[in-house]
> 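One structure is given below, represented as structure tokens, and several questions about it will come after.
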Amino acid sequence: MEVLKIATAGSVDDGKSTLIGRLLYDTKSLTTDKIEAIEKSSKQKGYDYLDFSLATDGLVAEREQGITIDVAHIYFSTAKKSYIIADTPGHVEYTRNMVTGASTSQVSIILIDARKGVIEQTYRHFFINNLLRVKEVIVAINKMDLVDYSEEVFNKIKADFQALNAKSTFKEQNVSYIPLSAINGGNVVDKSENMTWYDGQTVLEHLEGLHSSDVFEAGKARFPVQTVIRPKTQEYHDFRGYAGKLYGNSIKVGDAVTVLPSLTESKVSKIHFFDKTFDEAVAGSSITIELENDINVTRGDMIVKSSELPKIDKEISTTVCWMDSKKLVAGTKYIVQHNTNSVLAKVESIKNTISTDYSGTKGATQLAINEIGEVTIKLSKPLYFDAYNDNKSNGAFILIDTATNTTAGVGFIR
């Protein structure tokens with residue numbers, strides 16, 4: 001079954017957790033004890049409605065404050081698809097959490113309170129989706145019940161967001177607008193009887209109608225080797241396979257390939273998926289590849305088509321989202337983790353910070369936590385990479401602090 005990964009974003013009290021809870025409830029994805037807990041909690045708080053935020057706000061602090069702090073992953077399925085929702089916080093101090101949640105998502109739902117319209121945080125949420133090149137964005141204009149289900153209010157917010165969208169450099173992005181009332185269930189799973197002027201899809205109908213071709217960006221085939229398989233059993237005495245996950249595009253038996261960084265050439269002789277063999281593997285497949293000749297391939301190497309070599313360099317220009325309380329400054333050493341490859345690196349320079357409200361850049365010599373900036377990094381050995389805009393999987397990396405081994409930042413190669 002196809003799996004769709006979704007990230008949510010919104011300001012405090014825009015109703016992200018309520019929307020997700022309503023999706024789970026109306027698709028009958030909540031267990032009986034969870035529904036009973038929601039009913040009991042809602043009654044104790046004196047609500048005359050079900051408080052669906054309890055379905056997602058897992059931390060005690062989240063439930064007490066009524067806000068989302070950590071990134072929570074919620075799983076549910078329908079007859080057509082399986083879904084993974086990353087419920088991310090909306091505060092500016094949790095920008096790093098928003099980047100984390102959106103980094104693996106193919107769809108983003110940006111919630112807007114119909115009473116407030118497009119605000120500063122809306123700019124930030126949309127900017128992050130542009131930065132991460134999330135191809136499908138649903139602008140969910142929530143709490144329409146509090147503005148008397150006004151079509152005029154919906155059209156005004158839609159026009160304001162379209163003006164924001166005009167600033168985006170990611171023109172392949174598809175933006176859809178849905179008016180809803182998450183608390184009452186209007187246009188979440190079922191059509192709202194109070195918004196008959198809206199003739200579009202509900203949130204679930206839109207998600208169900210998306211196909212892989214709608215949300216995945218095709219690039220060049222990239223196969224980072226995770227491990228070398230040598231069973232050395234009687235049956236597979238001479239077997240030598242290279243296991244990993246294929247990104248970007250498909251690869252076929254007979255394709256001429258090059259192993260990086262050695263630049264050794266060979267051809268694909270077999271493609272294994274568990275106990276079966278195939279003539280072709282598509283992007284996203286976890287497979288084992290056999291090559292025609294016995295060459296030296298190890299973890300951290302990358303197999304690519306010989307006609308589609310990536311860039312190879314010891315210096316990269318990047319956009320970095322900083323996640324550490326210790327500021328990023330020039331001259332500091334970090335480990336660049338790029339796919340399965342780890343490279344010692346030094347921050348050469350920090351050019352500026354990038355404003356998430358589309359107001360431009362500002363000169364800077366350091367990055368503080370949650371700031372995004374343009375950073376040049378020098379590497380101890382060549383990296384084989386693509387620009388993030390050309391190949392998301394081969395253009396992203398993380399920076400690891402050599403002293404604490406913590407993930408200090410996430411970067412996107414320009």
Side-chain angles (χ1 to χ4, degrees), residues 69-71 88 93-104 128 131-132 222-228 243-245 247 259-262 296-303 310-354 356 361-388 391-414:
I69 297 172
D70 200 8
V71 178
T88 65
E93 61 266 35
Y94 299 125
T95 297
R96 56 181 180 166
N97 302 62
M98 282 187 270
V99 171
T100 300
S103 63
T104 57
I128 289 171
L131 177 66
L132 296 173
R222 302 293 184 241
F223 187 72
V225 177
Q226 292 184 11
T227 188
V228 179
K245 187 172 183 178
Y247 298 98
V259 179
L260 301 170
S262 66
N296 183 30
V297 183
T298 61
R299 174 179 168 82
D301 289 354
M302 181 180 289
I303 298 174
K311 298 175 185 176
I312 303 174
D313 207 334
K314 292 179 69 173
E315 182 173 296
I316 51 176
S317 297
T318 72
T319 301
V320 169
C321 175
W322 195 240
M323 300 180 168
D324 201 353
S325 55
K326 182 172 68 176
K327 293 181 179 180
L328 177 67
V329 294
T332 317
K333 291 183 179 179
Y334 290 91
I335 293 171
V336 168
Q337 183 69 48
H338 176 255
N339 291 319
T340 56
N341 196 11
S342 297
V343 181
L344 184 63
K346 183 178 78 170
V347 177
E348 181 69 10
S349 64
I350 299 169
K351 185 178 179 182
N352 51 47
T353 57
I354 303 172
T356 57
T361 60
K362 183 170 62 175
T365 57
Q366 60 184 23
L367 289 184
I369 188 170
N370 290 312
E371 286 189 328
I372 299 173
E374 295 180 3
V375 181
T376 301
I377 298 173
K378 280 200 170 181
L379 308 156
S380 60
K381 62 180 183 179
L383 203 67
Y384 17 102
F385 62 90
D386 297 285
Y388 185 77
N391 192 304
K392 292 172 70 171
S393 62
N394 203 40
F397 63 92
I398 61 172
L399 289 169
I400 301 172
D401 191 307
T402 55
T404 62
N405 209 36
T406 58
T407 299
V410 58
F412 312 95
I413 302 172
R414 291 189 280 114

> Got a second to check how far M98's CE is from L131's CG, nearest 0.5 Å?
12.0 Å
> So which atom in V99 and which in C321 form the shortest heavy-atom distance, rounded to 0.1 Å?
CG2-SG, 3.8 Å
> Side chains of residues 372-380: which donor-acceptor partners sit under 3.5 Å, not counting sequence neighbours?
{"from": "S380", "atom 1": "OG", "to": "L344", "atom 2": "O", "distance (Å)": "3.0"}

> Give me the atom names and distance for the closest heavy-atom approach of M302 to N339.
CE-ND2, 3.4 Å
> Minimum heavy-atom separation for Y384 and P310, please, with both atom names.
CB-CG, 3.9 Å
> Return the set of residues passing ring-ring contact (aromatic ring centres under 6.0 Å, His included) with Y388 (not counting sequence neighbours), or none when no residue passes.
F412
> Report the C-alpha separation of I413 and K311 in whole Å, then their side-chain angles, then the decisive distance to 0.1 Å, and conclude whether the side-chain contact (heavy atoms from CB on, under 4.5 Å) test is met.
CA-CA 11 Å; I413 302 172; K311 298 175 185 176; over 6 Å; no
> Please confirm whether the backbone N or O of G395 pairs with a side-chain atom of D386, one donor and one acceptor, at under 3.5 Å?
no
> Residues in side chain to side chain donor-acceptor pair (under 3.5 Å) with S393, at least two apart?
N391
> Are the side chains of N370 and R96 in contact, using a 4.5 Å heavy-atom criterion?
yes
> Listed by chain and number, what are the side chain to side chain donor-acceptor pair (under 3.5 Å) partners of Q337, not counting sequence neighbours?
S342
> Using residues 402-411 as the side-chain source, report each donor-acceptor pair under 3.5 Å to any protein atom, sequence neighbours left out, with the distance given to one decimal.
{"from": "T404", "atom 1": "OG1", "to": "T406", "atom 2": "N", "distance (Å)": "3.4"}
{"from": "T404", "atom 1": "OG1", "to": "T406", "atom 2": "OG1", "distance (Å)": "2.9"}

> A side-chain contact here means heavy atoms from C-beta on lying under 4.5 Å apart; do V347 and V329 qualify?
no
> Do N394 and H338 make a side-chain contact, defined as non-hydrogen atoms from C-beta onward lying under 4.5 Å apart?
yes
> With rounding to the nearest 0.5 Å, note down the distance linking OG1 in T365 to CG in L328.
10.5 Å
> Check side-chain contact (heavy atoms from CB on, under 4.5 Å) between K381 and all other residues, then give those that pass, not counting sequence neighbours.
N341, V343
> Quick check on side chain to side chain contact (heavy atoms under 4.5 Å, CB included): which of I312, I316, T318 does F385 satisfy it with?
I316
> How would you list, by chain and number, every residue that makes a side chain to side chain donor-acceptor pair (under 3.5 Å) with S262, sequence neighbours excluded?
T264
> Would you find a donor on one side and an acceptor on the other, under 3.5 Å apart, between the side chain of T88 and the backbone of N97?
no
> Locate the shortest heavy-atom distance separating P224 from K245; write the atom from each residue and the value.
CD-O, 3.5 Å
> Please list all pairs meeting side-chain hydrogen bond (donor to acceptor under 3.5 Å, both in side chains) that have one or both residues in residues 322-336, counting only residues at least two apart or in different chains.
K326-D401
> Could you tell me which residues satisfy salt bridge (Lys or Arg N to Asp or Glu O under 4.0 Å) with D301, sequence neighbours excluded, listed by chain and number?
none
> To the nearest 0.5 Å, tell me how far R414 CZ sits from T319 OG1.
4.5 Å
> Can you name the nearest heavy-atom pair linking A102 to I128, along with the distance?
CB-CG2, 4.4 Å
> Do you know the tightest heavy-atom contact between S349 and A330?
CA-CB, 4.3 Å
> Just verifying a value: how many Å separate L367 CG and N352 CG, rounded to the nearest 0.5 Å?
9.0 Å
> Measure the CG-NZ distance between L132 and K392 for me, rounded to the nearest 0.5 Å.
7.0 Å
> Taking salt bridge (Lys or Arg N to Asp or Glu O under 4.0 Å) as the definition, give me every residue that meets it alongside D313, ordered by chain and number, with sequence neighbours left out.
none
